[in-house]
Amino acid sequence: MSSERRKPYPFDRLEPKWQTIWDETRAFHAPNPGEEKFDPAQPKFYVLDMFPYPSGAGLHVGHPEGYTATDIIARYKRLLGFNVLHPMGWDAFGLPAEQYAIKTGQHPVVTTRENVAKFKTQLKRIGFSYDWEREINTTDPGYYKWTQWIFLQIYNSWFNPETKRAEPISTYRGDDPDEVRLAYVAQVRVNWCPELGTVLANEEVIDGKSEVGGFPVVRRPMRQWMLRITAFADRLLDELEGLDWPDSIKALQRNWIGRSEGAAIEFPVAAVYDRRNEDTTNDSEVRDRRYSIRVFTTRPDTLYGATYMVLAPENPIVDQITTENQLEAVANYRTQVASKSDLERTDLAKEKTGVFTGAFAINPVNDERIPIWIADYVLMGYGTGAIMGVPAHDARDLEFARKFDLPIRLVVQAPADQESLGFVGLGVAINSLLLDGLPSPEAKQKITDWLEEHGVGARSINYKLRDWLFSRQRYWGEPFPVIWRDGKHEALPESELPLEPPALEDFKPTGTGEPPLAKAKDWIRYSEHATRETNTMPQWAGSCWYYLRFCDPENDKRFVGQEPERYWMGGDQPGGVDLYIGGVEHAVLHLLYARFWHKVLFDLGHVSKPEPFQRLVNQGMILGEDGRKMSKRWGNVIDPLDVIEIYGADAFRCYEMFMGPLEQMKPWSMKGVEGVSRFLARVWRLIMRENQAGEWVRSAAVQDVEPTKAQQKIIHATVKKVTADIESLSFNTAISQMMIFVNAFTTADKIPVSAMRALLVLLNPFAPHITSELWERLNLDGAITAQRWPEYDEHFLVEDEIEIVVQVNGKLRDKITVALNATEAELETAAFANQKVHNAMAGKAVRKVVVVPKKLVNIVTA
RNA sequence: GCCGAUGUGGCGAAAUGGCAGACGCAACGGACUUAAAAUCCGUUGGGCUUAAACGGCCCGUGCCGGUUCGAGUCCGGCCAUCGGCACCA
């Protein structure tokens, strides 16, 4: 038959009905301290989603996975009596939104407004219980006013190494405050993406391509705004410890920060060929302190094995030390390296290349002359842009030394079963005069002490983390609240915030590196002698503090009021954000940047805790039905609204949670949705039946009777399991338990109302619409959202008789039923009386009997 | 190469060191129906035994070892897949 598929229950009518009621009654509005209806007696719970970029494509099934999980928690905590903060907003500045605007030829203001409207409609159709009165949009002047204000706090601060805290720049005693500001301008080799027409942060470049769009990225020196995140490297690292985050995310951040401990060592340059002084000879043994090369190493204990040095080709000192006859070779090599993109440079990493500079350095520990080379396997961006080559104990150095026939000297003895040449682990020092016989860790200490005593080295720590490149040459972002006067930058007065971008017709990137804002000639001109900064902030700026704004979104006096901040983000209660759920893709971007901003704000006294997100959970990616990543290319993308059209929002929500563990990657299955939909229909038919006229009426089986003993047991077992499972975010097994509950009642001829009350409240966070409707149809008191979460009584879970497992030599042989209070001796006797046990023992002698009360008896034979 | 995660039926998955596979999907059988859909009931890890049913027995959580009365779970060593970083000195 071609007629429309019959709905198993009328979700298409009742779901919009309840969504409207929730809106109209402000059912999920959370008042702030001091506001009407605020109850200070209740504990708070802040449960947050990573707010989306409202892209043109709309929601896909991945978004609602985390959102459903947080919604269940929010509704559950409300039923427990918590004051719950559960907000949603829009991260609408940035490349995706702007690329979409360019593609469709519309102004980003217009596309953003449309996309936000679309996202909001979709989210509402899924029935999420957000407090929409707290909705924020990073592109609202009322919001980015405070993003700019926070930038000024950062700009007007420095990191005091004594206190290890950010402090107002006024406490800095040096000559030039611009040298130490947490926001500064520097000429740096940036990641320039010609296709996007902007520079990108290191974190936004993946395999030499832009994270957004996958376009090639090249290195290019440019003057840019930087944020001094490196000053906070140790705190960002150390304070990860106390956070309730997945180990994998902590590991990613640790890895990204990349702290390594070692020593900095000075190698004087011997025989400097100085183009300004033709008299200097190559054979001079004079140590020339004017040209000393500093290296960083994590293995100072291998210093005696350093048989050459390598500089990064970009290292400026190369110009100073290269000898006349090597000038051409060095220049050629440097040109060749410069023409390679980062991608090519790593791609071609298979074979080592390099050139001798003609110069020599003196190994400070043994006065040996060692040749200085340049090679692109040494990076200018890490350490000092120079290394000591210890080929015997470093795989890269060994490869290089073999290729260019440089000497190799063993200085670490490997453990007996391993070859010492090429051994890179910790062993025992050899051929190292001062260090011979010492295990590597002690050798490190001793040689570093020696270097410090002789003034030629020191303990040193290096990080992979670079300062955050914070400016972009794009239109759709926050303008910097900065003006330029006589070549110097200064802060825009706070009273002039928000600084709105000019209304440009043509907002496309210029392609030259000049920002689009430069096209707005009137806007740029600030005064007779001053002009505005034309760069804009990156996408991440707005998301670095949005969780704070949610606490007090309307405040026009402060970025967040002190009292709401103290209440929701700290105060006497644990956690800042108590639960934060989102995708793993933000492990080193948003989550690192936001922690950094938060620490600056904390140091300056603007927020009450040093860390913003106490507990973090990553939802796993949802794959297409074919097991591949969802993508237009494979045609396997699922649109939530299509699913809701057929099965309803409740079924959609429950399926998203029933698929498997929240954090796991898992494939979508429409058949699976159907199964969950059948479960909800069974819940419906427990309470409702269809009359002759085809109307749903309350079933006569539902009666005000006492549950049977067996029913009591399953009710209390379900309350217990669902409660525990929600607490541990094991939503899939919570749903399983409710299925067991429903299956048990499906066949009952009398269904106690009390059992249905408990079920509906338990199921409400998962399937809020159907449970609200059934609650109303049962004529139960008040709204279901105003109920208290049921409690269980252990008393109902125990039985008089229990089943005991009987094993022989650890193998299950039979199960016996005994009284709950049976003694160990009684259990043992019962086990030995069992025929199967007797058979299995095959007449062998008993060696041992293990009795676990209420569980099992295990008989061990000889 | 380094770091992290994962490995259980045809599929998604469950299992405080104590009955492996709950719950759901798919499949098969049955009831209801003129028929189908929907719904309800039942079977369903593999193998052997038995005419069949009942029953009985053996094997089984990536591989190899270990600890334990007892291991999917704990320990050691491998293998595979996925994710991140990657010439980081």
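Just so you know, these numbers come straight off a predicted model, no measurement behind them. Note on naming: letters A, B, ... go to the chains in the order of the sequence lines (proteins, then strands), and numbering restarts at 1 for each one.
- Residue A:Arg685 is classed as a sugar-phosphate contact, given heavy-atom separations below 4.0 Å to backbone atoms only.
- The CD1 atom of A:Ile461 sits 13.0 Å away from the OG1 atom of A:Thr298 when rounded to the nearest 0.5 Å.
- No contact: A:Gly672 has no heavy atom under 4.0 Å from any strand.
- At the heavy-atom level, A:Pro246 lies nowhere under 4.0 Å from the strands shown.
- Rounding to whole angstrom units, CD1 of residue A:Ile802 and P of B:rC19 are separated by 14 Å.
- Dashed line: the shortest gap from a side-chain N or O of A:Ser248 to OP1 or OP2 of B:rC3 is not under 4.0 Å.
- Across all strands, A:Leu252 comes closer than 4.0 Å only to sugar-phosphate atoms, never to a base (heavy-atom distances).
- Contacts of A:Asp247 with the nucleic acid, taken as non-hydrogen atoms under 4.0 Å apart, are absent.
- Contact check, A:Lys848 against B:rC69: a side-chain N or O comes under 4.0 Å of OP1 or OP2.
- Distance, A:Leu856 CG to B:rA71 C1': 14 Å, rounded to whole Å.
- Considering only the side chain of A:Thr747, B:rC41 comes nearest among B:rG18, B:rA89, B:rC41.
- Contact annotation: the side chain of A:Ile622 approaches that of A:Glu656 to within less than 4.5 Å [non-hydrogen atoms, C-beta and beyond].
- For A:Trp373 and A:Tyr308, the ring centers sit 6.0 Å or farther from each other.
- Remark: A:Lys352 fails to qualify as a cation-pi partner of A:Phe400 under the 6.0 Å distance and 45° angle criteria applied to the six-membered ring.
- Here the P atom of nucleotide B:rC82 and the CG atom of A:Leu623 are 13 Å apart, to the nearest Å.
- Taking atom CE on A:Met688 and atom P on B:rU39, their separation rounds to 18 Å, with Å as the unit.
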